[in-house]
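Please find one structure pasted underneath; my questions will follow.
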Amino acid sequence: ALLNDIRTATSREGNVRDQTDPLFQEYSFQNKTQTMNRYPTVRLDYQVTDRHRLTGSVNYQFNGGGPDTTNSRDPMFPGFPAFANQTSERRAASTWLRSMISNNMVNELRYGYGGAPIIFWQNDLRRDMFSGPVANQGGFYLNVNNPTFITAASNSATPSARDAFNQSLENTLSWQKGSHSLSIGGAFSSFEAWIEDQQLVPELRFGVEQGDPAESMFDPGNFPGASATAITNARRLYAILTGRVSEVRGVARLNENNEYEYNGLGRQLARQREIGFWVQDSWRMRPDLSFNYGLRYELQYPFVALNNSYSIG
């Protein structure tokens, strides 16, 4: 029934062309897509007092629409249900407060954030897309791409999402004292990441395995003049047409309750932090000679898992 749906779909639109090898035909058609991009940018400058100036800026980029042709999540054939969109965002924000403490002393406090969450098909892929009524795969992903050259009714049902974002806080005090230009400061940075992965439906692969009664059928003696590749392809095609399942692939992942869930959602959480301090001086010893020196200390904390997706204690 699935192969019949594929053949019927090719008659609706597009082109079917014979290949040099009479066993194969090539089908092409144009999927309809829609893209939505937004790029708002905002900056605000506010003079709090004569000595304090506050500035903030936000840059945001949104990329959406679909279906996702970049990662082959558009319909494999016209009217087939299993397809999905990708959405991504680019976020950057910063703010800083510049303060004139005295005539020779200026302080600048800065905060920054950057992140880019990407959603791969999580909002669109559903289990019922693999159960019909059109292109019914029986609640499985029937992987006839591997090990043959046949195009499957859909791609795999493996939605995911991820984001790696950072926050930083920095303060710098600039002090002009006589012939010395001092810079004293410190910084704190935090880098965090989350990743979500899931396999919605099990994957089936097909093959004539060792011990199968049909194995002897594909003895080279039964196919005089046929190449080893042709016999292998015939064996694989026979396995698909007769429903010989060689593998059932699924994934058991730890959920938020620290329990393994078959084809459930797995979520990884991690963080790494860093602090730093510095003192720098530019000493103008005489009009034609300056001496620059300083000291900086950086401490990078270890990578920390924030849940039990990496290990269980």
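These numbers were taken from a predicted model, which means no experiment stands behind them. Counting from 1, the numbers follow the sequence of the chain as shown.
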Exercise. Look at atom CD of Glu26 and say whether more than 12 heavy atoms of other residues, nucleotides or ligands are closer to it than 6.0 Å.
Key: yes
Self-check item: With Arg273, the side-chain contact (heavy atoms from CB on, under 4.5 Å) member among Ser190, Ser189, Pro302
Solution: Ser190
Quiz item: Do any N or O atoms from the side chain of Ser174 and from the backbone of Ser183 form a donor-acceptor pair under 3.5 angstrom?
Solution: no
Quiz prompt | Within 6.0 angstrom of Asp50 CG, more than 12 heavy atoms from elsewhere | solution = no
Quiz item: Do any N or O atoms from the side chain of Gln137 and from the backbone of Gly139 form a donor-acceptor pair under 3.5 angstrom?
Solution: no
Quiz item: Any Lys/Arg nitrogen of Arg271 or Glu192 sitting under 4.0 Å from an Asp/Glu carboxylate oxygen of the other?
Solution: no
Exercise. Using distance alone, with no hydrogens and no angle criterion, decide if Gln86 and Thr70 have a side-chain donor and acceptor under 3.5 Å apart.
Key: no
Quiz item: Does CH2 in Trp175 sit with more than 12 non-hydrogen atoms of other residues, nucleotides or ligands closer than 6.0 Å?
Solution: no
Exercise. Starting from the C-alpha separation in whole Å, work towards a yes-or-no answer on side-chain contact (heavy atoms from CB on, under 4.5 Å) for Ile240 and Ile150.
Key: CA-CA 10 Å; Ile240 291 171; Ile150 299 176; 4.2 Å; yes
Self-check item: Leu241 and Leu3, any side-chain heavy atoms less than 4.5 Å apart
Solution: yes
Self-check item: Enclosure of Phe120 CZ (heavy-atom neighbours >12, cutoff 6.0 Å)
Solution: yes
Quiz item: Just by modelled atom types, is the Asn71 backbone N or O under 3.5 Å from a matching donor or acceptor in the Arg73 side chain?
Solution: yes
Quiz prompt | Student check: side-chain heavy atoms of Thr158 and Trp121 closer than 4.5 Å | solution = yes
Quiz prompt | Exam field: side chain Asn255 to backbone Asn257, donor-acceptor pair closer than 3.5 Å | solution = yes
Practice problem: List the steps, then state whether side-chain contact (heavy atoms from CB on, under 4.5 Å) holds for Arg235 with Arg244. | Solution: CA-CA 11 Å; Arg235 176 179 177 141; Arg244 281 171 152 76; over 6 Å; no
Exercise. Could you give me the CA-CA distance, side-chain angles and deciding distance for Phe206 and Leu142, then say whether side-chain contact (heavy atoms from CB on, under 4.5 Å) is met?
Key: CA-CA 9 Å; Phe206 303 88; Leu142 303 184; 4.1 Å; yes
Self-check item: Verdict with supporting geometry, Trp278 and Thr172, side-chain contact (heavy atoms from CB on, under 4.5 Å)
Solution: CA-CA 9 Å; Trp278 65 87; Thr172 303; 3.5 Å; yes
Quiz item: Crowded around Arg90 CZ? As in, over 12 foreign heavy atoms under 6.0 Å?
Solution: yes
Quiz item: Using 30° and 60° as the class limits, which term best fits the ring planes of Phe77 and Phe80: parallel, tilted or perpendicular?
Solution: tilted
Quiz item: Counting distance only, does the side-chain N/O of Arg127 pair as donor-acceptor with the main-chain N or O of Phe130 below 3.5 Å?
Solution: no
Self-check item: Backbone N/O of Thr151 and side chain of Asn145: donor-acceptor pair under 3.5 Å
Solution: no
Exercise. For Arg205 and Asn143, indicate whether the former's side chain and the latter's backbone hold a donor-acceptor pair under 3.5 Å.
Key: no
Quiz item: Quick one: does Asn222's side chain have a donor or acceptor within less than 3.5 Å of a partner on Met217's backbone?
Solution: yes
Quiz prompt | Asn155 side chain to Ser72 backbone, donor-acceptor under 3.5 Å | solution = yes
Practice problem: Indicate whether any N or O donor in one side chain lies under 3.5 Å from an N or O acceptor in the other, for Ser102 and Arg51. | Solution: no
Quiz prompt | Crowding at CD, Gln34 (>12 non-hydrogen neighbours, <6.0 Å) | solution = no
Quiz item: Is the number of heavy atoms from other residues, nucleotides or ligands within 6.0 Å of CZ (Arg296) greater than 12?
Solution: yes
Practice problem: Taking Asn263 for its side chain and Val251 for its backbone only, find out whether a donor-acceptor pair lies under 3.5 Å. | Solution: yes
